[in-house]
Amino acid sequence: KEPISRAVTGRLFDALVQAGLMTMAYSPHFRIQPALSLDAQTAANGVQILRDVFDVMARENWIGQ
């Protein structure tokens, strides 16, 4: 498993923010920082956004580009 490139990390950050999930991104990592008082519905929404964006990444083969 290779680290993801800066270009892919930036694209991931942009897609997550556009979908409504604020993250921090820097090659080869990204980080989410939920509030300490996070409720279950908000957490579930954040996980769904991650799943949706990761599905797009896989479908469009962002890593292989």
*Can you measure from CE (Met24) to NE2 (His29) and round to the nearest 0.5 angstrom?*
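If I round to the nearest 0.5 Å, the distance is 12.0 Å.
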*Rounded to the nearest 0.5 Å, how far apart are CG of Asp14 and OG1 of Thr23?*
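The distance works out to 9.0 Å.
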*When clusters are formed by joining ILVMFWY residues with side-chain heavy atoms under 4.5 Å apart, either directly or through shared neighbours, do Ile4 and Ile32 land in the same one?*
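Same hydrophobic cluster.
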*Linking I/L/V/M/F/W/Y whenever their side-chain heavy atoms sit closer than 4.5 Å, directly or via other members, would Phe13 and Leu16 fall into one cluster?*
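In one cluster with Phe13: Leu16, no.
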*asked:* Side chains of Met22 and Val17, heavy atoms from C-beta outward: is any pair under 4.5 Å?
replied: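 When only atoms from C-beta onward are counted, Val17 and Met22 do touch, with a gap below 4.5 Å.
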Which atom pairs, one a donor and one an acceptor, fall under 3.5 Å between side chains of residues 44-59 and the rest of the protein, sequence neighbours left out?
from	atom 1	to	atom 2	distance (Å)
Gln48	NE2	Asp52	OD1	2.8

_Heavy-atom neighbours of Gln33 CD exceed 12 at 6.0 Å_ =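 For Gln33, atom CD is crowded (more than 12 foreign heavy atoms under 6.0 Å).
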